[in-house]
Amino acid sequence: MSTLDLEQNNSPLTVAKFGGTSVADFQAMLRCAHIIKKDTSNRLVVVSASAGVTNYLVRLSQENISIQEQKDIIANIRTIQLNITQHLAADVEQALNSEIEVLLEQLSSHALIQSQQYSVKQVDAILSFGEQFSSRVFAQVLQSIDVNGAYFNVQQVMKTNSLYGKAVVDIEQLSKACTAFLAPKLSQQVIVTQGFIGQDGLGETTTLGRGGSDYSAALLAEALNASDLAIWTDVVGIFTTDPRITEQARAIKEISFGEAAEMATFGAKILHPATLIPAMRHNIPVFVGSSKEPEKGGTQIKQSVASNPTYRSIALRREQTLVTVKSPAMLHASGFLAKVFGILAKHELSVDLITTSEISVALTFDNPSGSTQALLTSTVVQELEQLCEVTVEHGLSLVAVIGNGLDCAKGIGQSIFQAINDINIRLICHGASANNLCFLVSEKDANHVVEKLHSELFV
Ligand code: ADP
Ligand code: ASP
Ligand code: MG
């Protein structure tokens with residue numbers, strides 16, 4: 001078995017993150033293990049749950065689920081794990097399967113309670129299991145190809161507040177704990193740990209939000225002063241738009257932190273929106289590539305790049321809600337907007353885009369799986385209605401054109417809107433940022449808009 005040389009302590013450290021499809025089954029895990037083996041700077045591995053497992057766990061934590069469906073889900077999760085472990089040596093398989101059964105028991109004790117409405121704390125405990133399985137299994141897959149892989153519980157270092165479902169990481173504590181508990185191990189072994197999960201001050205499990213493993217990996221890279229972060233996924237890098245929307249999308253070789261961060265913020269699922277914040281803080285270059293086709297290379301994200309084109313990419317964020325507040329009292333009056341935002345802040349609703357006219361203001365909210373909708377239809381709307389007329393529209397998508405100098409380049413509006421002049425556009429934001437121009441369209445038009453715009457701007 002090859003043990004990493006102790007002298008590598010000061011050698012380059014790459015944090016490698018593998019997403020759900022990359023660790024979906026044994027073959028996929030094996031490909032990732034070979035990626036790790038090929039480059040000895042890969043000394044910390046952050047894994048997501050195997051594809052589909054977190055979605056199963058989300059279903060498990062919902063209220064309207066029968067005990068039978070819960071049992072079926074737990075059986076399906078067991079099958080996903082055992083289909084991987086069966087490819088390992090018999091003794092390893094047996095030991096790992098025992099650990100998996102212990103975890104499944106714990107999961108069942110959290111989940112198998114009929115018609116219970118789970119607290120956000122219980123939901124996080126349930127959602128955390130996917131990464132707990134995959135990290136244990138992946139460490140053994142590494143061992144199977146003679147890489148000295150070892151499991152590490154990220155909760156020892158990833159300390160967060162108690163905002164279950166979107167916990168905020170204590171960066172200072174993370175840095176201290178990494179120096180104390182994690183860094184010393186990296187000189188001897190390839191450490192495999194969990195993305196997405198953390199632990200609050202009460203010792204309870206927290207999660208960082210869906211897709212949060214990218215962010216976990218970036219935070220760990222920052223805390224460990226890593227030389228690189230590699231995000232291994234199911235596409236050969238960052239594309240000019242989501243390749244699932246148009247076959248004409250093409251991979252980008254090099255992109256700046258700022259541009260990639262805009263893409264992530266405006267919905268490009270390839271990176272969790274917060275991923276690049278730690279990387280930018282510590283100037284850690286980020287690579288994005290496909291674990292299926294590592295030989296094809298990928299995208300390098302770094303501080304500055306050779307070219308800064310006007311148009312870099314198009315991002316799409318679905319499930320947007322538009323709220324229009326209207327009141328003649330706004331005309332030449334002061335303090336109206338402060339009251340509106342006061343109400344929104346009280347309910348912890350975060351506004352994305354804003355446009356205003358003399359007596360009305362339009363605001364957009366990200367509304368994944370109806371969460372904002374629930375709030376806006378009840379208390380918040382009633383409170384806003386004390387001040388003004390309120391209209392709420394759902395079923396919208398936000399299209400963002402990302403690039404450089406978009407606030408001052410000539411002809412931008414014409415190129416973009418001429419291409420989609422058959423579409424009803426609900427709101428346009430331009431001028432606040434040099435790096436994006438964005439607008440809302442109906443959900444049903446969204447793919448068509450991206451396709452048409454892409455062929456106008458990139459082909
Ligand atoms: P992982 O499980 O590895 O984290 P995700 O499914 O979260 O992977 O992200 C990868 C997916 O992101 C791709 O399969 C692709 O459909 C989608 N995606 C959205 N926008 C882009 C883009 N601009 N470039 C590449 N992929 C994108
Ligand atoms: N497993 C989590 C999710 O599916 C986190 C991640 O994959 O990044 O959202
Ligand atoms: Mg992801």
Side-chain angles (χ1 to χ4, degrees), residues 44 46-49 53-54 56-63 65 70 74 77 99-100 102-136 151-185 191-220 222-224 272-274 277-278 345-350 368-369 371 374-375:
L44 179 63
V46 177
V47 288
S48 290
V53 172
T54 309
Y56 274 137
L57 295 168
V58 168
R59 178 68 192 130
L60 206 53
S61 66
Q62 286 168 347
E63 202 184 343
I65 179 169
Q70 288 183 324
I74 290 177
I77 294 175
E99 284 185 58
I100 289 168
V102 171
L103 287 173
L104 286 168
E105 272 300 308
Q106 287 171 12
L107 175 61
S108 303
S109 71
H110 281 291
L112 290 180
I113 311 165
Q114 191 149 32
S115 67
Q116 147 134 7
Q117 184 170 7
Y118 296 100
S119 66
V120 281
K121 184 161 87 182
Q122 287 168 316
V123 170
D124 269 9
I126 293 173
L127 297 194
S128 72
F129 277 87
E131 276 71 10
Q132 298 192 45
F133 292 119
S134 59
S135 50
R136 284 173 171 83
Y151 163 89
F152 178 80
N153 179 2
V154 85
Q155 292 183 308
Q156 274 188 269
V157 296
M158 198 64 79
K159 302 295 177 187
T160 72
N161 67 6
S162 300
L163 206 56
Y164 300 104
K166 46 179 177 184
V168 179
V169 175
D170 182 332
I171 291 162
E172 230 171 87
Q173 254 195 295
L174 173 66
S175 160
K176 282 187 191 146
C178 277
T179 308
F181 306 123
L182 189 49
K185 294 182 191 290
I191 297 297
V192 183
T193 198
Q194 309 82 45
F196 182 53
I197 68 179
Q199 187 182 61
D200 69 7
L202 306 166
E204 302 287 350
T205 294
T206 55
T207 66
L208 310 187
R210 291 302 306 268
S213 296
D214 300 327
Y215 183 44
S216 303
L219 285 169
L220 288 164
E222 178 184 40
L224 291 160
H272 178 277
I277 299 171
K346 193 173 84 187
H347 294 278
E348 292 187 33
L349 281 171
S350 138
S369 58
S371 52
L375 273 173

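Predicted model, so just to flag it, every value in this text is computed and none were measured. The figures that follow rest on heavy atoms only: side chains count, while hydrogens, waters and symmetry mates do not. In this chain, residues are counted from 1 in sequence order.
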Start with the C-alpha gap between Q199 and E204, add the side-chain angles, then the distance that decides, and say whether side-chain contact (heavy atoms from CB on, under 4.5 Å) holds. CA-CA 5 Å; Q199 187 182 61; E204 302 287 350; over 6 Å; no

Non-hydrogen atoms of V47 and S134 that approach each other most closely: CG2-OG, 3.6 Å

Can you find a pair of side-chain heavy atoms, one from N161 and one from D170, that are under 4.5 Å apart? no

What distance do C178 atom SG and Q173 atom CD have between them, rounded to the nearest 0.5 Å? 11.0 Å

Quick check for you: to the nearest 0.5 Å, what is the distance between I100 atom CD1 and Q132 atom CD? 12.0 Å

Please find the pair of heavy atoms, one from H110 and one from A125, that lie closest to each other, and give the distance. CE1-CB, 3.8 Å

From NZ (K185) to CG (L44), nearest 0.5 Å: 12.0 Å

A side-chain contact here means heavy atoms from C-beta on lying under 4.5 Å apart; do I171 and E222 qualify? yes

From CA spacing to verdict: side-chain contact (heavy atoms from CB on, under 4.5 Å), I77, F129: CA-CA 10 Å; I77 294 175; F129 277 87; over 6 Å; no

Of the non-hydrogen atoms in G198 and T160, which two are nearest, and what is the gap between them? CA-CG2, 4.2 Å

Report yes if some heavy atom in the side chain of V169 is under 4.5 Å from a heavy atom in the side chain of M158; otherwise report no. yes

Can you tell if the side chain of F181 reaches within under 4.5 Å of the side chain of K176, non-hydrogen atoms only? no

Roughly how far, to the nearest 0.5 Å, is CG of D124 from OG of S119? 9.0 Å

Would you mind reporting whether K121 and D200 have side-chain heavy atoms less than 4.5 Å apart? no

For the residue pair L208 and S216, establish whether any side-chain heavy-atom pair is separated by less than 4.5 Å. yes

Before you tell me yes or no, could you show the steps for L174 and L220 under side-chain contact (heavy atoms from CB on, under 4.5 Å), namely the whole-Å CA-CA distance, both residues' side-chain angles and the distance that decides it to 0.1 Å? CA-CA 8 Å; L174 173 66; L220 288 164; 4.0 Å; yes

Rounded at 0.5 Å granularity, tell me how far CZ in F196 sits from OG1 in T206. 9.5 Å

Could you grab the distance from atom CD1 of I74 to atom CD of E105, nearest 0.5 Å is fine? 9.0 Å

Could you go step by step and tell me if T205 and Q155 meet the side chain to side chain donor-acceptor pair (under 3.5 Å) rule? CA-CA 8 Å; T205 294; Q155 292 183 308; 2.9 Å; yes

Are the side chains of L57 and L107 in contact, using a 4.5 Å heavy-atom criterion? yes

Check against side-chain contact (heavy atoms from CB on, under 4.5 Å), Q62 and V123: CA-CA 8 Å; Q62 286 168 347; V123 170; over 6 Å; no

State, to 0.1 Å, how close F152 and T193 come at their nearest heavy-atom pair, and which atoms those are. O-OG1, 2.7 Å

How far apart are the closest heavy atoms of Q156 and A177, and which atoms are they? O-CB, 3.9 Å

Given side chains that start at C-beta, do those of P273 and Y215 come closer than 4.5 Å, heavy atoms only? no

What one should report as the nearest heavy-atom pair of Q194 and V46 is C-CG1, 4.0 Å

